[in-house]
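Below is one structure; the comments refer to it alone.
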Amino acid sequence: MYILAIETTGAFASVAVAEAIDDGSKCRILAHVEGHDRYSHLQNLTPQIQQVLSDAEITIDDLSAIAVANGPGSFTGIRIGVSTARALSQVKGIPCVPVSSLEALAMRVVCAAPSGTAPSDGALVCPILDARRSQVYGGGYLVERATDGSVQLQEAVKAGPYTIDEFMELVEEYDEIYMLGDGVDTCGQKIEANRTEGVAFAPEEIRYQRAEEVAVLGAAAFAAGKSVSYDMLKPEYMRMAEAERKLRAKQAEVKANG
């Protein structure tokens, strides 16, 4: 069973192909490619998909599912990734698996943290993405390792849009927090000013979104029967786009003024 994974919620699009193993809840990555041009998803995504399929020596007809990070993150990036997955799903009849970009980013710590940089057991893993307007999309996850080596993430702080101050208040009860995502780049100084102890930032090599972790979570979700048809695959923006927000504000102003 092969799964195509798409991640376009961050600055650099990436795509992976994974093969499900055991009961399907685990997988091994067969191919992965990541773009080097910021926010060039529209031009690069289709060639990236073609490349990973070729590298994995399979065709699109061999796929059992398409896992896609459906948000939060870049609104344009989310639309491109979800639209591409929906189109492939509709044409080929392949089911889709939506994956939270925050949860996939938290899983990155489990899968890819270099030796000596992983958080301690019991630490709260906190992916935060820059949402602009002094906000982040954030969540808090506890890592649970089973005796068989499998890993699950328990959501301890609900994923959503927050000001960084609001988010730091939600995680203050945890002795150790481990933060990653581009929200660290924009809010790092404010985080350090808010909390001087018990906070660690992921190194840059594992700080940002990547399709391999989308594949890991997508494989587990597909094995658990959590796939959807193309028309049920929806983006998770977590808030209105800036243009929509301004339009609604203007409409409300016009209505108020008669």
For Phe222, ring pair (Phe, Tyr, Trp, His ring centres under 6.0 Å) partners two or more places apart: none
Keeping Ser54 on the side-chain end and Gln50 on the backbone end, is there a donor-acceptor pair under 3.5 Å? no
Does the pair Val68 and Val99 meet the rule for a side-chain contact (heavy atoms from CB on, under 4.5 Å), with working shown? CA-CA 6 Å; Val68 58; Val99 174; over 6 Å; no
For a 4.5 angstrom cut-off between non-hydrogen side-chain atoms, does Tyr178 reach Val109? yes
Heavy-atom closest pair, residues Ala211 and Ala16: CB-N, 3.7 Å
Cluster check Leu63, Val33: I/L/V/M/F/W/Y, side chain < 4.5 angstrom: yes
Under the ring pair (Phe, Tyr, Trp, His ring centres under 6.0 Å) test, which residues partner Tyr2, sequence neighbours left out? none
Taking every heavy atom of Tyr174 against every heavy atom of Ala156, the minimum-distance pair comes out as OH-CB, 3.4 Å
Over 12 foreign heavy atoms within 6.0 Å of CD, Glu155: yes
State yes or no: do Leu233 and Ile6 share one hydrophobic cluster built from I, L, V, M, F, W and Y residues joined by side-chain heavy-atom distances below 4.5 Å, directly or via other members? yes
With no hydrogens and no angle check, is any side-chain donor or acceptor of Asp130 less than 3.5 Å from a backbone partner on Asp182? no
Per the side chain to side chain contact (heavy atoms under 4.5 Å, CB included) rule, which among Leu124, Ile128, Val125 passes with Met179? Ile128
Electrostatic pair Asp61:Lys92 at N-O distance under 4.0 angstrom: yes
Do Leu142 and Leu180 share a hydrophobic cluster (ILVMFWY, side-chain heavy atoms under 4.5 Å, transitive)? no
CD1 (Ile191) and CG (Asp165) are apart, to the nearest 0.5 Å, by 10.0 Å
Are the side chains of Asp55 and Val17 in touch, meaning some heavy atoms are under 4.5 Å apart? no
Thr46 and Gln48 side chains, donor-acceptor separation under 3.5 Å: no
Can you find a heavy atom in the side chain of Tyr162 that is under 4.5 Å from one in the side chain of Glu169? no
Taking the side chain from Arg133 and the backbone from Gln135, do they hold a donor-acceptor pair closer than 3.5 Å? no
Out of curiosity, Glu172 CD to Phe167 CZ, how far, rounded to the nearest 0.5 Å? 12.0 Å
Cys27 to Ala215 - nearest heavy-atom pair and separation: SG-O, 3.9 Å
Residue pair Thr8 / Thr76, side-chain heavy-atom distance below 4.5 Å: no
N/O donor-acceptor pair under 3.5 Å between His41 side chain and Gly10 backbone: yes
Do Val157 and Met238 land in one hydrophobic cluster if side-chain heavy atoms of ILVMFWY residues count as linked below 4.5 Å? no
Give the minimum heavy-atom separation between His32 and Ser14, together with the two atoms involved. NE2-CB, 3.7 Å
Tightest non-hydrogen contact, residues Gly140 and Cys126, listed as CA-SG, 4.4 Å
Would you say Arg207's side chain and Gly181's backbone share a donor-acceptor pair under 3.5 angstrom? no
Report yes or no: does Thr84 contribute a side-chain atom to a donor-acceptor pair with the main-chain N or O of Ile80 at less than 3.5 Å? yes
For residues Ala56 and Ala31, report the shortest heavy-atom separation together with the two atoms involved. N-CB, 4.0 Å
Can you tell me how far the OG atom of Ser100 sits from the OH atom of Tyr141, to the nearest 0.5 Å? 4.5 Å
Output, in order, the C-alpha distance, side-chain angles, deciding distance and verdict of side-chain contact (heavy atoms from CB on, under 4.5 Å) for Lys234 and Asn70. CA-CA 7 Å; Lys234 306 294 182 184; Asn70 66 330; 5.7 Å; no
Could you tell me the separation between the CG atom of Asp62 and the CD1 atom of Ile94, rounded to the nearest 0.5 Å? 9.5 Å
For the pair Val136 and Cys187, evaluate side-chain contact (heavy atoms from CB on, under 4.5 Å) and give the outcome as yes or no after the intermediate values. CA-CA 9 Å; Val136 295; Cys187 299; 3.9 Å; yes
State yes or no: do Val171 and Leu129 share one hydrophobic cluster built from I, L, V, M, F, W and Y residues joined by side-chain heavy-atom distances below 4.5 Å, directly or via other members? no
Euclidean distance, Gln51 CD relative to Ile49 CD1, rounded to 0.5 Å: 11.5 Å
Do Pro72 and Thr9 have side-chain heavy atoms sitting under 4.5 Å apart? no
If only atom types and distance count, is the side chain of Glu166 paired as donor or acceptor with the main-chain N or O of Thr163 below 3.5 Å? yes
Under 3.5 Å: donor-acceptor pair, side chain of Glu212, backbone of Val214: no
Are Glu7 and Phe12 close enough that some pair of their side-chain heavy atoms sits under 4.5 Å apart? no
Flag side-chain contact, heavy atom, 4.5 Å: Met168 against Arg195: yes
Other residues, nucleotides and ligands only: do more than 12 of their heavy atoms fall within 6.0 Å of CD on Glu57? no
For the residue pair Arg108 and Gln209, confirm or rule out a side-chain donor-acceptor distance under 3.5 Å. no
Point-to-point distance, once rounded to the nearest 0.5 Å, from CD1 of Ile3 to CD1 of Ile66: 10.5 Å
How about Ile60 and Leu53: do any of their side-chain heavy atoms sit closer than 4.5 Å? yes
Report yes or no: do Tyr208 and Asp185 form a side-chain donor-acceptor pair below 3.5 Å? yes
With side-chain contact (heavy atoms from CB on, under 4.5 Å) as the criterion, how do Leu217 and Val97 come out once you've worked through the C-alpha distance, each side chain's angles and the decisive distance to 0.1 Å? CA-CA 9 Å; Leu217 290 175; Val97 183; over 6 Å; no
Name all residues meeting the salt bridge (charged side-chain N to carboxylate O under 4.0 Å, His left out) criterion together with Asp231; count only those two or more places apart in sequence or in a different chain, and write none if there are none. none
